[in-house]
Each structure stands twice: as structure tokens, then as C-alpha cells.
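A quick write-up on the structure given underneath.
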Amino acid sequence: MRAKVHSRTCCPVEGTDRYLVYTRWRSEEDFQAWMEGPMKAAHQRGGEDAPKQKPAASGSTLWSFEVVQQAAPKQG
């Protein structure tokens, strides 16, 4: 089973109506397996006879980041 470390959905407070969904994956391999498995199956369109449904969202932007600094709670 592929596992995310965690996922968060952030609601805008002001200045935009865009939500931010942040997902942290255990590894690049886990992310790629999700992209080719459950995500791909869930986002494929049905056949020509499938009922037309309104999308939950009308667009998205994929951002990639590199960790440049990391902090953890002090043990003790």
C-alpha cells in the first residue's frame, strides 16, 4: 500500500478564492504509483454514454518545492 505522510487542505482567508491542497509523500515512488493507479483511474472520463457531471474544480496548478530548511520539536 502506498502511503502519504500527510495531506492538508488550506482554505483562503482573503485575497483569493483558491484553496491549497498540500500533500507530502513518503517517497517519489509512492507518488508515482498513486499517479498511475488510484488517481489516474479516478480522473479518467467515462465512455460516451456516461452521464456528464460538473467538475468539483475547474483548474489546478502543480507546484514543486525543495526543502531548504527543516525544524523539528526538541526532544525532552
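- Among residues two or more places apart in sequence or in another chain, the side chain to side chain contact (heavy atoms under 4.5 Å, CB included) test is passed with Ser27 by Glu29, Asp30.
- For Glu28, there are no salt bridge (charged side-chain N to carboxylate O under 4.0 Å, His left out) partners two or more places apart in sequence or in a different chain.
- To the nearest 0.5 Å, the span separating SG on Cys11 from OH on Tyr19 amounts to 3.5 Å.
- With hydrophobic clusters built from ILVMFWY side chains whose heavy atoms lie under 4.5 angstrom apart, Tyr22 does not share a cluster with Trp25.
- Taking Thr9 as the reference, nothing meets the side chain to side chain donor-acceptor pair (under 3.5 Å) condition, with sequence neighbours excluded.
- When the side chain to side chain contact (heavy atoms under 4.5 Å, CB included) test is applied to Arg8, the partners found at least two apart in sequence or on another chain are His6.
- Of all heavy-atom pairs between Thr23 and Ser7, the closest is OG1-OG, 3.2 Å.
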